[in-house]
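A quick write-up on the structure given underneath.
On a predicted model such as this, the values are computed, not experimentally measured, just so you know.
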Amino acid sequence: MATLFAICVTIVILGWLWFYIARPILEDFGVIATPESVNRSDAVTSSDPAPASAQTTDRPADRPSVSADNLEVGRLQLDRTKTAVIEVMVYNGWSVGEIRAVIKGDNGAIGVEVEAARQRLGIDPPDRTLHVRDEKGGRVITF
Amino acid sequence: MTTQTRSSTVRIGFLRPEQVERAFIWLLYLVLLVLVVLSVLGTFYGRRGESAPITAPRQIVADVLSDMLAFGIATGIQIVLTLVQYGTRQKARLDRRWWILYLVALGWSVYYNYLAYWTPLTALVAWYLAALLIIAGDVLPEFLAVRRE
């Protein structure tokens, strides 16, 4: 009975030490992934290869827009930054079109990110409008 | 003849939840105080390379009174180790390299407590539980003392 009690206490202490010391250290050193570090913007990261014309880095504008020191920045960190930037833009009232104009990436994926940011921030999406011009003349349909 | 109205809701219990919570917090602070004292005593006996007579409190008092200088040094060492331990954990939020210093401070404190408490604890409980109690006894005060949001 005493052994069983000792084992139970051992398990409790081990669990506490794991969550209080070992896990934070392992998370900070990247040994295990944190829930926050799970890529929330997988959709933004398109696995489709870029067209050959976009692969060139000959032109300055096509080179990575980070300094040489920052080239080691992980892809995950860049995606998290992109997610955060989109969230800030949504918070400040930018429309999807405006965000797409300044953020590089797949338009559909950015739309998904914007929608996710709206849900996180509790912002209702704006009414969608359709500009129609037919025999009755031009009009705007809201839906 | 008067008619007394009764509340429709019948309540049981006489302890308010907030009172119970407050009492529990005081209990935790008491545990914190005991663990801090045990850490200082562990450092005191660990530096002397002796086992702490945890079953003989009078012997502990006599040992401390007979060597107040060593007790003062042990208290100072424990204060420094505690500050380093608590501080580096906060700094590690910004720079993970602080974890190394945290582990050094923790390991140092655990080593003194190991020297002082290993023999008496293994006489009472299994060796694996004794090892964990020594480590947890060094970490738990920080867990109880530092406020978390």
Side-chain angles (χ1 to χ4, degrees), chain A residues 1-41 45 66-85 87-88 91 117 119-122, chain B residues 28 31-32 35 38-39 81-82 84-111 113-114 117-118 120-149:
Chain A
M1 195 66 187
T3 305
L4 184 64
F5 179 74
I7 290 172
C8 288
V9 174
T10 301
I11 291 171
V12 170
I13 295 175
L14 268 177
W16 177 68
L17 288 175
W18 164 257
F19 282 108
Y20 193 65
I21 295 181
R23 191 182 167 101
I25 294 175
L26 294 175
E27 283 178 353
D28 280 358
F29 282 91
V31 179
I32 56 176
T34 61
E36 293 80 19
S37 70
V38 173
N39 192 356
R40 293 189 299 173
S41 58
T45 312
V66 291
S67 65
D69 291 337
N70 288 337
L71 287 174
E72 297 300 322
V73 175
R75 182 75 207 168
L76 187 65
Q77 197 171 342
L78 284 173
D79 290 336
R80 290 176 67 188
T81 305
K82 184 183 279 187
T83 303
V85 169
E87 195 162 316
V88 170
Y91 181 77
Q119 288 181 4
R120 284 195 298 274
L121 295 168
Chain B
L28 291 179
V31 170
L32 167 67
L35 286 174
L38 285 174
S39 285
L81 289 176
T82 301
V84 172
Q85 201 175 316
Y86 293 14
T88 49
R89 191 182 179 90
Q90 304 305 316
K91 297 292 284 180
R93 290 175 172 180
L94 304 173
D95 189 339
R96 62 187 179 183
R97 287 174 293 184
W98 286 105
W99 279 118
I100 297 167
L101 191 54
Y102 173 84
L103 290 176
V104 168
L106 178 63
W108 195 342
S109 185
V110 166
Y111 174 66
N113 286 335
Y114 161 77
Y117 296 121
W118 179 255
L121 273 180
T122 48
L124 297 172
V125 296
W127 65 269
Y128 49 87
L129 185 56
L132 284 175
L133 283 175
I134 289 173
I135 298 171
D138 255 327
V139 180
L140 192 59
E142 178 203 341
F143 179 77
L144 296 176
V146 179
R147 181 176 292 179
R148 271 168 293 278
E149 299 302 330

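Proximity to chain A (any heavy atom under 4.5 Å) is shown, for B/Val139, by both the backbone and the side chain. For B/Leu140, the parts lying near chain A are the backbone and the side chain together; criterion is any non-hydrogen pair under 4.5 Å. Heavy-atom distances place both the backbone and the side chain of A/Ile25 under 4.5 Å from chain B.
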Interchain donor-acceptor contacts below 3.5 Å (chain A, chain B):
{"from": "A/Tyr20", "atom 1": "O", "to": "B/Arg89", "atom 2": "NH1", "distance (Å)": "3.1"}
{"from": "A/Tyr20", "atom 1": "O", "to": "B/Arg89", "atom 2": "NH2", "distance (Å)": "2.4"}
{"from": "A/Tyr20", "atom 1": "OH", "to": "B/Glu142", "atom 2": "OE2", "distance (Å)": "3.3"}
{"from": "A/Asp28", "atom 1": "O", "to": "B/Arg96", "atom 2": "NH1", "distance (Å)": "3.3"}
{"from": "A/Asp28", "atom 1": "OD2", "to": "B/Trp99", "atom 2": "NE1", "distance (Å)": "2.6"}

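Side-chain contact between A/Ile11 and A/Ile7: present, with at least one pair of heavy atoms (C-beta onward) separated by less than 4.5 Å.
We find the CG-CG distance between B/Leu35 and B/Leu144 to be 7.5 Å, quoted to the nearest 0.5 Å. Atom CG in A/Leu14 sits 8.5 Å away from atom CD1 in B/Ile135 (nearest 0.5 Å). Rounding to the nearest 0.5 Å places CG of B/Leu106 at 5.0 Å from CD1 of A/Ile21.
The heavy-atom pair separating B/Leu32 from B/Ala145 by the smallest distance is CD2-CB, 4.1 Å. Shortest non-hydrogen contact noted between B/Ala136 and B/Pro141 is O-CD, 4.4 Å.
The 12-atom threshold is exceeded at CZ of A/Phe29, counting heavy atoms of other residues, nucleotides or ligands nearer than 6.0 Å.
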